[in-house]
Amino acid sequence: ASAAAETWAMGPESLRAAMFEHAESGVALRLCFPAGEMAIGSIDVVAGDHVEFKDADGRHLYVAIDRILAIIRSSETR
């Protein structure tokens, strides 16, 4: 199965745990959103209702956790 399918199947609590793990590691990844958009970068902080995400252009995005459908990371970056 794809990484997105595996992430989706984990459910919201496991997705949140994955966000914390990725924030600690600083790994590059993609966040997938409802309308098909993606943001490429890294999670800096996981807060109560949002993540602070630094995109590939160095911009800081504040993304509501309930808007994140999947986290995709390359297996080479782990």
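Note that the structure is a prediction, hence the values are computed from the model and not measured. One is the number of the first residue; the rest follow in order along the sequence.
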query: Which pair of non-hydrogen atoms, one from Ser42 and one from Gly26, has the smallest distance, and what is that distance?
result: CB-O, 3.8 Å
message: Suppose we screen for side-chain contact (heavy atoms from CB on, under 4.5 Å). Which residues come up paired with Ala47, at least two apart in sequence or across chains?
response: His50
Atom pair OG (Ser14) and CE (Met19), whose distance is rounded to the nearest 0.5 Å: 11.0 Å
- prompt: How long is the gap from CG on Leu15 to CG on Asp66, to the nearest 0.5 Å?
  reply: 11.0 Å
field: All side-chain hydrogen bond (donor to acceptor under 3.5 Å, both in side chains) counterparts of Asp55, not counting sequence neighbours
entry: Arg59
message: In this structure, would Val27 and Leu61 fall into the same cluster of hydrophobic residues linked by side-chain contacts under 4.5 Å?
response: yes
- request: Could you tell me which non-hydrogen atom of Gly48 sits nearest to which non-hydrogen atom of Ile65, and how far apart they are?
  value: O-CD1, 4.2 Å
- prompt: What about Phe20 and Ile43, same hydrophobic cluster or not, with Ile/Leu/Val/Met/Phe/Trp/Tyr joined at side-chain heavy-atom distances under 4.5 Å?
  reply: yes
field: Which residues share a side-chain contact (heavy atoms from CB on, under 4.5 Å) with Phe33, sequence neighbours left out
entry: Leu31, Glu37, Ala39, Val63, Ile68
